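Model, not experiment: these values are computed from the prediction.
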2 protein chains.
Amino acid sequence: MSLPHAILTALLEKPSSGLELTRRFDKSIGYFWSATHQQIYRELARLEQSGFIRALPSAVPARGQKKEYEVLPAGRAELTEWAAAGQDPKPMRDPLLLRMRAAAVIGTDGLRDELERHLALHRAQLTTYHGIETKDFPPGRGSEQDRLRHLVLRGGIELETFWIGWLTESLGALAAEPEKAPDTLAAEPGDAPGTPGAEQGRDQAAPGQT
Amino acid sequence: MSLPHAILTALLEKPSSGLELTRRFDKSIGYFWSATHQQIYRELARLEQSGFIRALPSAVPARGQKKEYEVLPAGRAELTEWAAAGQDPKPMRDPLLLRMRAAAVIGTDGLRDELERHLALHRAQLTTYHGIETKDFPPGRGSEQDRLRHLVLRGGIELETFWIGWLTESLGALAAEPEKAPDTLAAEPGDAPGTPGAEQGRDQAAPGQT
DNA sequence: ACCTGCATGTAACCTGTTACATGATTTT
DNA sequence: AAAATCATGTAACAGGTTACATGCAGGT
C-alpha cells in the first residue's frame with residue numbers, strides 16, 4: 001500500500017500529468033520506488049475517485065490530452081496518516097541470493113559470470129548516484145528538504161556499496177575454489193555436476209540449511 | 001518467477017511436506033525469499049502438475065494428511081535452466097526511503113521514532129544472523145556447499161549492517177536539526193507543518209527532485 | 001465428547017507485469 | 001499524407017496477501 005503515497009508525495013512536490021509522473025518514477029523517485037505508467041494511471045484514477053487528488057480544471061478531458069493533477073487537502077491528510085502509521089521492514093526477497101543457494105545444490109556453473117554481471121550493474125548505478133550527489137547536493141548545509149533528500153540518496157549509495165562489497169567478496173571466495181573444472185564451462189543446461197536426478201537428500205545434514 | 005525455483009532448491013536440499021517447507025521459509029530460506037503457506041501449497045500443486053516434483057508414494061492422499069514431495073529430474077533440469085538464464089537486479093522498492101522523501105514534504109514529525117524502531121529491528125536481525133554464523137559456519141574451510149551458504153548468510157549480515165549504518169547516520173543528521181520544535185511532537189495527523197493544502201509547487205526548484 | 005495443534009487447502013482481493021489500443025500533436 | 005512522438009488508457013494475467021474452511025490426531 002505504498003504506491004498511492006509515493007504518488008501523493010510526488011504530486012505535492014510538483015503537480016504533474018501521468019506521463020510526467022512516469023518519467024519522474026524512472027528517475028529520482030524510481031530509485032527507491034519503481035512503477036510503470038499503467039500502474040500510475042490506475043492509481044491516479046483511484047486517488048481521484050477517493051477525493052485525494054483532482055485534475056486541474058484547465059485540462060480538456062479527452063483521450064490523448066494531457067491531464068495535470070494536484071493534491072487536495074484530503075490527500076495531504078491521507079499521506080500524513082500513512083506516515084504516522086509506520087511500516088515494518090519486509091523480509092528481503094532477492095533472486096541473486098536464491099541463485100547462490102541454488103548453486104550449492106545444482107553446481108556453480110555460470111555463477112561467476114552472473115556475479116560479475118551484477119557487479120558491473122551495481123557499479124554503474126553507484127556512479128549515477130555519485131553524479132547526482134555532486135550535482136545536487138554540494139557541501140554546505142541546504143534546506144531541510146535538501147538534507148532529507150540527500151539522506152535518501154545516501155541510502156541508495158550505501159546500498160549499492162553493500163552490493164559491490166558483497167559481490168567482490170563472493171567472487172574472491174569462488175576464485176579460491178576454481179569452478180569445478182575449466183573444461184565443463186560450456187556444458188549445456190541439464191548437464192549440471194552431480195547426476196541430474198535420483199540422489200536427493202544427499203546433503204541432508206549440512207549446516208545452515210533447515 | 002522465483003518462488004517455484006526457491007521451492008525446487010529447498011526440496012533438492014531435503015524432500016519435505018508443505019508445512020515443513022513453510023517452516024523452512026520462515027527460517028533460513030525465508031531470510032532471502034519469504035513465502036506464506038498459501039503460496040507454497042499453490043506452487044507445490046503447480047510444480048506437481050508440471051511434472052517437476054511428485055508426492056512420495058508412501059503418503060495417503062487425504063486432506064489432513066502429511067504429503068511429502070521430492071524433485072523429479074525434470075524439476076532439476078528446470079532449476080538448472082533458470083539458474084543459467086540470469087535475472088537482472090530489480091529496482092529497489094523500499095517504503096522507509098519513501099517515508100523519508102514524504103517527510104521532506106509533509107514534515108518530519110514521527111520520523112525519528114520510525115527510524116529508531118527500524119534500527120532496533122535491524123540490530124536484532126543482525127544478532128540472529130551472527131548467531132547462525134558462529135553456530136553453523138565455524139572458521140576453517142568446509143564443503144563447497146557450506147561456503148556458498150556462508151556467502152548467502154554474509155549477504156544478509158552485510159545488508160543489515162548497511163541498514164544500521166544508514167539509520168544511524170540519518171538519526172545523527174536529524175539530530176543536528178532538532179525536529180521543528182519539541183512542543184509540536186504531540187500534534188495530530190493533519191496538523192503537519194506547512195499548511196495542509198493549497199500551496200503545492202512551493203519547492204519546485206529544489207535540487208534532486210525531478 | 002471436546003479442545004488444541006497439526007496439516008492441507010479455498011476464495012477473494014490487491015499489486016505488479018506485459019501486451020496492446022487509441023487519440024492528439026509534431027515532424028518530414 | 002505519412003510517420004514519429006506524446007499522452008492516456010484497457011485487458012489479461014501472474015504473484016503476493018488476508019481471511020477462512022476442512023480434516024485428522026492426541027490429550028483431558
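- The ring-ring contact (aromatic ring centres under 6.0 Å, His included) test applied to A:Trp82 returns A:His5, not counting sequence neighbours.
- Contact check, A:Tyr41 against D:dG9: no side-chain N or O comes under 4.0 Å of OP1 or OP2.
- Across all non-hydrogen atoms, the minimal contact from A:Ser16 to A:Glu20 is CA-OE1, 3.3 Å.
- Summarising the geometry, the separation between CG on B:Leu47 and C1' on D:dA14 is reported as 15 Å, rounded to the nearest angstrom.
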Tabulate protein N/O versus nucleotide N/O from nucleotides 12-14 of chain C, keeping only pairs under 3.5 Å, one per line.
none

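- We find that CG of B:Leu19 is positioned 7 Å from C1' of C:dC6, with the value rounded to whole Å.
- Summarising the geometry, the separation between CD on A:Glu43 and P on C:dT15 is reported as 6 Å, rounded to the nearest angstrom.
- Checked against side-chain hydrogen bond (donor to acceptor under 3.5 Å, both in side chains), A:His118 has the following partners two or more places apart in sequence or in another chain: A:Glu114.
- A close approach under 4.0 Å does occur between a side-chain nitrogen or oxygen of B:Gln39 and OP1 or OP2 of D:dT17.
- Between the CD atom of A:Glu20 and the C1' atom of D:dT5 there is a distance of 15 Å, rounded to whole Å.
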Check: residues 45-55 of chain B side-chain donor-acceptor pairs under 3.5 Å, at least two apart:
residue: B:Ser50; atom: OG; partner: B:Arg46; partner atom: O; Å: 2.9
residue: B:Arg54; atom: NE; partner: B:Glu70; partner atom: OE2; Å: 2.6
residue: B:Arg54; atom: NH2; partner: B:Glu70; partner atom: OE2; Å: 2.7

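- Across every non-hydrogen atom of B:Ala35 and B:Leu3, the tightest pair is CB-CD1, 3.8 Å.
- For A:Arg23 and D:dC6, the CZ to C1' distance is 7 Å, given to the nearest whole Å.
- When the P atom of D:dT17 is taken as reference, atom CG of A:Asp88 falls 13 Å away, rounded to whole Å.
- Atom C1' of nucleotide C:dG16 and atom CD1 of A:Ile40 are separated by 12 Å, given to the nearest angstrom.
- A close approach under 4.0 Å does occur between a side-chain nitrogen or oxygen of B:Lys67 and OP1 or OP2 of C:dG9.
- Residue B:Arg93 places none of its side-chain N or O atoms closer than 4.0 Å to OP1 or OP2 of D:dG16.
- Across all strands shown, A:Ser17 has heavy atoms under 4.0 Å from sugar-phosphate atoms exclusively, and none from any base.
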Nucleotides 18-20 of chain C: which of its N/O atoms have a protein N/O under 3.5 Å away?
residue: C:dA19; atom: N6; partner: A:Gln38; partner atom: NE2; Å: 2.7

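- Shown are B:Ile7, B:Thr9, B:Leu11, B:Leu79; of these, the side-chain contact (heavy atoms from CB on, under 4.5 Å) with B:Val71 is made only by B:Leu11.
- Residue B:Leu44 contributes atom CG, which lies 14 Å from atom P of D:dG16 at whole-angstrom precision.
- For the atom pair CG (B:Leu159) and OH (B:Tyr31), the distance works out to 14.0 Å, reported to the nearest 0.5 Å.
- Of all the heavy atoms in B:Lys66 and B:Ser17, the pair that sits closest is CG-CB, 3.8 Å.
- With sequence neighbours excluded, the residues that form a side chain to side chain contact (heavy atoms under 4.5 Å, CB included) with A:Leu121 are A:Arg117, B:Asp88, B:Pro89.
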